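What follows is one structure encoded as structure tokens, with my remarks underneath.
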2 protein chains.
Amino acid sequence: MSVKRSNSQKQIISVLKELKEEINAQDLYVKLRQRGDKLGLATVYRGLKALKLEGTIQERVSPTGESFYSVISKEHQHHLNCVGCGRSLSLDTCPLEQQALEPYQAENFKVFYHTLEFFGLCSVCQNQQPN
Amino acid sequence: MSVKRSNSQKQIISVLKELKEEINAQDLYVKLRQRGDKLGLATVYRGLKALKLEGTIQERVSPTGESFYSVISKEHQHHLNCVGCGRSLSLDTCPLEQQALEPYQAENFKVFYHTLEFFGLCSVCQNQQPN
DNA sequence: TTTTTATTTAGTAATGATTATCATTATACT
DNA sequence: AGTATAATGATAATCATTACTAAATAAAAA
């Protein structure tokens with residue numbers, strides 16, 4: 001009784017895996033078409049949703065409201081998000097001790113992954129007039 | 001040379017402070033009108049943006065893409081976010097040690113606040129057919 | 001293999017939160 | 001007061017995402 005997985009979902013996972021970088025739905029759509037995969041944008045969204053519910057991929061909603069997807073891996077990334085320009089800088093370490101997370105695995109909630117995001121002003125936006 | 005702050009911004013802060021709960025822009029707009037404050041929705045958005053850039057309030061973008069605002073305080077909250085139904089359960093402790101965060105205060109990025117979010121399936125959605 | 005049924009898909013319209021625009025009003029400065 | 005600057009309201013525009021519908025594909029039954 002294995003998980004049924006449509007063609008489009010396989011293609012999506014394939015691209016996400018070789019990327020090893022988060023990507024938004026529309027760029028992913030372009031990447032798939034470039035590879036020659038023939039699928040529509042709505043199908044990409046559907047596939048992403050299904051994979052998200054399986055716990056296979058994770059979603060990060062950026063300050064601009066758009067979602068970025070990536071396969072869930074131990075080497076997850078966190079970001080410094082600028083509230084000025086909206087850009088995100090990747091961090092290469094996670095300040096969370098693994099054992100600190102365990103209590104949250106319980107209480108009737110199956111945790112797939114976590115996100116830790118920092119918000120503030122990047123150097124560029126610090127030296128800039130607000131508008 | 002103190003910070004200039006418009007009437008609308010004062011009203012927004014006032015409501016956010018008495019709330020002590022995150023709220024989205026449109027509900028905030030309704031709350032302000034109910035108090036008798038006369039301002040438009042666009043002004044609410046403008047005020048929230050300005051206060052965000054000041055580092056006075058924080059924004060959390062929910063999985064559905066809408067933003068929730070609250071005053072930045074030491075007693076910040078984290079959530080368990082269900083990837084199924086989108087509901088958020090508040091946690092009452094932060095697993096992050098304060099000293100673990102200090103390194104991220106440096107490197108040309110002024111950190112106002114952080115968010116730590118857990119994603120997975122709530123008990124209801126675990127016992128439900130995917131659709 | 002044909003027929004039947006359920007699933008998947010593409011294309012596109014609809015949605016909804018947020019942002020841009022622009023004319024108007026309030027505020028600051030001389 | 002008179003002019004420059006900033007703030008505001010109303011509403012149109014934007015844009016990622018979702019809903020919808022009909023067609024295509026796959027799976028199951030006969």
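To find a chain, count down the sequence lines: A is the first, B the second, and so on, and within it residues start at 1. All heavy atoms count here, side chains included; hydrogens, waters and symmetry mates do not. For clarity, every value in this text was computed on a predicted model and none was experimentally measured.
Evaluation of the side-chain contact (heavy atoms from CB on, under 4.5 Å) rule for B/Asn24 yields B/Gln26, B/Asp27, B/Glu66, B/Phe68 as partners, not counting sequence neighbours.
One hydrophobic cluster, built from ILVMFWY side chains closer than 4.5 Å, holds both A/Leu48 and A/Leu41. At a threshold of 4.5 Å between side-chain heavy atoms, the hydrophobic network of Ile, Leu, Val, Met, Phe, Trp and Tyr places A/Ile72 and A/Leu19 in two separate groups. In the hydrophobic cluster analysis, where Ile, Leu, Val, Met, Phe, Trp and Tyr join through side-chain heavy atoms closer than 4.5 angstrom, A/Val71 is grouped together with A/Val44.
In this structure, OH of B/Tyr29 is placed 10 Å from P of D/dT11, rounded to the nearest angstrom. Rounded to whole angstrom, the span from the CG atom of A/Leu48 across to the P atom of C/dT9 amounts to 12 Å. Atom CD of A/Gln26 is separated from atom P of D/dT18 by 11 Å (rounded to the nearest Å). Going from atom CG of A/Asn24 over to atom P of D/dC15 covers 14 Å, rounded to whole Å.
Near-neighbour residues of DNA chain C inside residues 38-47 of chain A, defined by a heavy atom below 4.0 Å, number-ordered: A/Lys38, A/Leu39, A/Gly40, A/Ala42, A/Thr43, A/Arg46.
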Contacts table for residues 33-40 of chain B: side-chain donor-acceptor under 3.5 angstrom, sequence neighbours left out:
{"residue": "B/Arg33", "atom": "NH1", "partner": "B/Leu39", "partner atom": "O", "Å": "2.8"}
{"residue": "B/Arg35", "atom": "NE", "partner": "B/Asp37", "partner atom": "OD2", "Å": "3.2"}
{"residue": "B/Arg35", "atom": "NH1", "partner": "B/Ser14", "partner atom": "OG", "Å": "3.0"}
{"residue": "B/Arg35", "atom": "NH2", "partner": "B/Asp37", "partner atom": "OD2", "Å": "2.9"}

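The shortest side-chain heavy-atom distance between A/Arg46 and A/Thr43 falls under the 4.5 Å cut-off. In this structure, A/Glu22 and A/Arg60 have side chains that are in contact, with non-hydrogen atoms separated by less than 4.5 Å. Taking 4.5 Å as the limit, every side-chain heavy atom of A/Lys49 sits out of range of all side-chain heavy atoms of A/Glu59.
Here B/Val61 sits in one hydrophobic cluster together with A/Val61; the rule is ILVMFWY side chains under 4.5 Å apart, joined directly or through other members.
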What protein N or O atoms touch nucleotides 26-28 of chain C N or O atoms at under 3.5 angstrom, if any, and at what distances?
none

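Defining each end axis of the helix from C/dT1-D/dA30 to C/dT30-D/dA1 as the rotation carrying four pairs' C1' atoms onto the next four, with five pairs an end, the two axes are found to diverge by 30° to 10 degrees.
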